[in-house]
Peer 1: 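The structure follows.
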2 protein chains.
Amino acid sequence: MEKRLLDRGVRYTPARRVVVEVLADSPGPLSAAELCEIIGAGMPLSSLYRSLSVLEAAGVVAPHLGARGLSRYELAEWLIGHHHHLICLECGSVDDVAVPSHYERQVEAIIAGIGEMASFAPSGHAIEIEGRCARCR
Amino acid sequence: MEKRLLDRGVRYTPARRVVVEVLADSPGPLSAAELCEIIGAGMPLSSLYRSLSVLEAAGVVAPHLGARGLSRYELAEWLIGHHHHLICLECGSVDDVAVPSHYERQVEAIIAGIGEMASFAPSGHAIEIEGRCARCR
DNA sequence: TTCCTTGCAAACGATTTGCATTGGA
DNA sequence: TCCAATGCAAATCGTTTGCAAGGAA
């Protein structure tokens with residue numbers, strides 16, 4: 001992954017490394033504010049955003065645009081695998097969920113069918129499942 | 001639908017009516033700025049947002065939180081039916097697409113399966129399909 | 001030295017709110 | 001009359017950017 005940054009002439013600095021590590025440990029995408037909280041002091045929001053945008057440009061993190069005009073960030077799918085999101089309407093948390101491959105194959109087929117119907121060329125998809133998470137039941 | 005507002009002690013005013021009408025005519029969700037543009041002058045953004053929040057509280061419109069940190073609004077599903085979104089990565093447009101019921105039944109089953117796996121109680125879902133729309137091909 | 005990186009503060013764009021005014025029942 | 005609705009301007013929130021200082025190659 002470091003190579004990916006070096007190829008773009010940017011460094012894999014401690015600040016960027018910590019962002020990647022925190023995201024790697026998270027069960028789901030995190031907002032900038034959440035990241036900042038977890039990383040702790042000594043990380044100004046502006047630097048955080050700069051790290052995120054460098055990492056995004058390098059294809060290492062991907063933004064997930066969500067509730068109340070705030071983005072959540074997670075590692076790109078080539079790092080953590082294809083997955084979908086469980087959004088808790090109670091506490092607002094967003095967790096990743098991997099979908100068994102026989103389900104995912106059905107999803108692919110459905111997406112392809114819809115694309116054909118609508119003369120739309122699909123290149124990616126996301127399923128957002130809303131409800132109540134285990135903690136809020 | 002007017003009843004829905006009256007029940008909450010709010011009126012179905014011309015300003016609110018025009019918002020509903022413009023949304024009803026749109027092939028997909030619209031941002032506040034787009035709504036304002038379509039409605040034309042004489043509709044300050046602040047009033048628009050106020051109309052939207054009243055309509056949202058009444059369950060008549062639903063926000064769709066999307067690209068580049070801006071919300072798009074559409075009529076609630078009980079008014080326009082269950083559907084998913086085609087998001088064009090080229091021009092940024094978002095169009096609704098209704099899914100044939102045999103597909104939708106498969107989707108329901110998949111969602112239920114995932115919910116069980118993750119001890120998550122699903123109450124709704126959305127499939128966002130990214131790609132290129134017919135216009136941008 | 002030469003870039004890249006960082007921190008701070010200021011700027012920005014979308015959305016919200018305070019307040020005084022208008023308007024419908 | 002009374003309360004809801006509106007317009008304007010100012011405030012707020014998440015995010016971005018300009019600029020000068022710090023750091024690695």
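Numbers restart at 1 for each chain; the letters A, B, ... are given by sequence-line order, proteins then strands.
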Peer 1: Would you mind telling me which of D/dT16, D/dC3, D/dG23 lies closest to the side-chain atoms of B/Arg11?
Peer 2: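 My answer, after comparing the listed nucleotides, is D/dC3.
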Peer 1: Select from B/Arg50 and A/Val54 the residue whose nearest nucleotide in DNA chain C is closer to the 5' end of that strand.
Peer 2: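 Comparing both residues, the 5'-ward one is A/Val54.
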Peer 1: Could you tell me the separation between the CG atom of A/Leu55 and the P atom of C/dT6, rounded to a whole number of Å?
Peer 2: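 It is 10 Å, rounded to the nearest whole Å.
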Peer 1: Is any N or O donor-acceptor pair between the side chain of A/Arg72 and the base of D/dG14 shorter than 3.5 Å?
Peer 2: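 Side chain to base: no pair present.
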Peer 1: Please check if atom CD in B/Glu37 has more than 12 non-hydrogen atoms from other residues, nucleotides or ligands closer than 6.0 Å.
Peer 2: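 It does not: B/Glu37 CD has 12 such atoms or fewer within range.
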Peer 1: Let me know the distance between CG of A/Leu52 and P of C/dT5, rounded to the nearest Å.
Peer 2: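 The answer, rounded to whole Å, is 14 Å.
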Peer 1: Is B/Ala33 touching bases, backbone alone, or none of the nucleic acid, heavy atoms closer than 4.0 Å?
Peer 2: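 The residue B/Ala33 makes no contact with any strand.
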Peer 1: For residues B/His84 and B/Glu104, is any side-chain donor paired with an opposing acceptor at under 3.5 Å?
Peer 2: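 Result is yes, a qualifying pair exists.
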Peer 1: Taking OP1 and OP2 of C/dG7, is either one under 4.0 Å from a side-chain nitrogen or oxygen of A/Ser47?
Peer 2: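 Answer yes for this pair, as a side-chain N or O of A/Ser47 is under 4.0 Å from OP1 or OP2.
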Peer 1: In terms of the nearest nucleotide of DNA chain D, which residue is placed more toward the 5' end: B/Gly42 or B/Gly9?
Peer 2: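 The residue whose closest nucleotide sits nearer the 5' end is B/Gly9.
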Peer 1: Is the number of heavy atoms from other residues, nucleotides or ligands within 6.0 Å of CZ (B/Arg17) greater than 12?
Peer 2: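 Buried by this count: over 12 neighbours within 6.0 Å.
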Peer 1: Round to a whole Å and report the spacing from CG of A/Leu35 to C1' of D/dG14.
Peer 2: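 Rounded to whole Å, this separation is 14 Å.
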Peer 1: Assigning hydrophobic clusters by single linkage (Ile, Leu, Val, Met, Phe, Trp, Tyr; side-chain heavy-atom cutoff under 4.5 Å), is A/Trp78 placed with A/Leu75?
Peer 2: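 Both belong to a single hydrophobic cluster.
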Peer 1: Please state how far atom OH in A/Tyr12 lies from atom C1' in C/dT5, giving the value in whole angstrom units.
Peer 2: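 Going from OH in A/Tyr12 over to C1' in C/dT5 covers 16 Å.
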Peer 1: Check whether B/Leu52 and B/Leu45 end up in the same hydrophobic cluster, where Ile, Leu, Val, Met, Phe, Trp and Tyr are linked by side-chain heavy atoms less than 4.5 Å apart.
Peer 2: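 Same hydrophobic cluster.
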Peer 1: Strictly under 6.0 Å, is that where the ring centroids of A/His125 and B/His85 end up?
Peer 2: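 Ring centroids of A/His125 and B/His85 are no less than 6.0 Å from each other.
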Peer 1: According to a hydrophobic-cluster definition based on side-chain heavy atoms being under 4.5 Å apart (Ile, Leu, Val, Met, Phe, Trp, Tyr only), do B/Ile129 and A/Ile87 belong together?
Peer 2: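 Different hydrophobic clusters.
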Peer 1: Using whole Å, what does the distance between atom C1' of nucleotide D/dT6 and atom CG of B/Leu48 come to?
Peer 2: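 So the two atoms are 13 Å apart, to the nearest Å.
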Peer 1: Can you tell me how far P of D/dA4 sits from CG of B/Leu6, to the nearest Å?
Peer 2: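 It works out to 13 Å between those atoms.
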Peer 1: Mind calculating the distance between CG (B/Leu30) and P (C/dA14) to the nearest angstrom?
Peer 2: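 Spelled out: CG on B/Leu30 to P on C/dA14 is 15 Å.
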Peer 1: In this structure, how many angstroms lie between the P atom of D/dG14 and the CD atom of A/Glu37, rounded?
Peer 2: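 The distance from CD of A/Glu37 to P of D/dG14 comes to 13 Å, rounded to the nearest Å.
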Peer 1: Specify the residues of residues 13-21 of chain B, ordered by number, for which at least one heavy atom lies under 4.0 angstrom from an atom of DNA chain D.
Peer 2: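 Correct list: B/Thr13, B/Ala15, B/Arg16.
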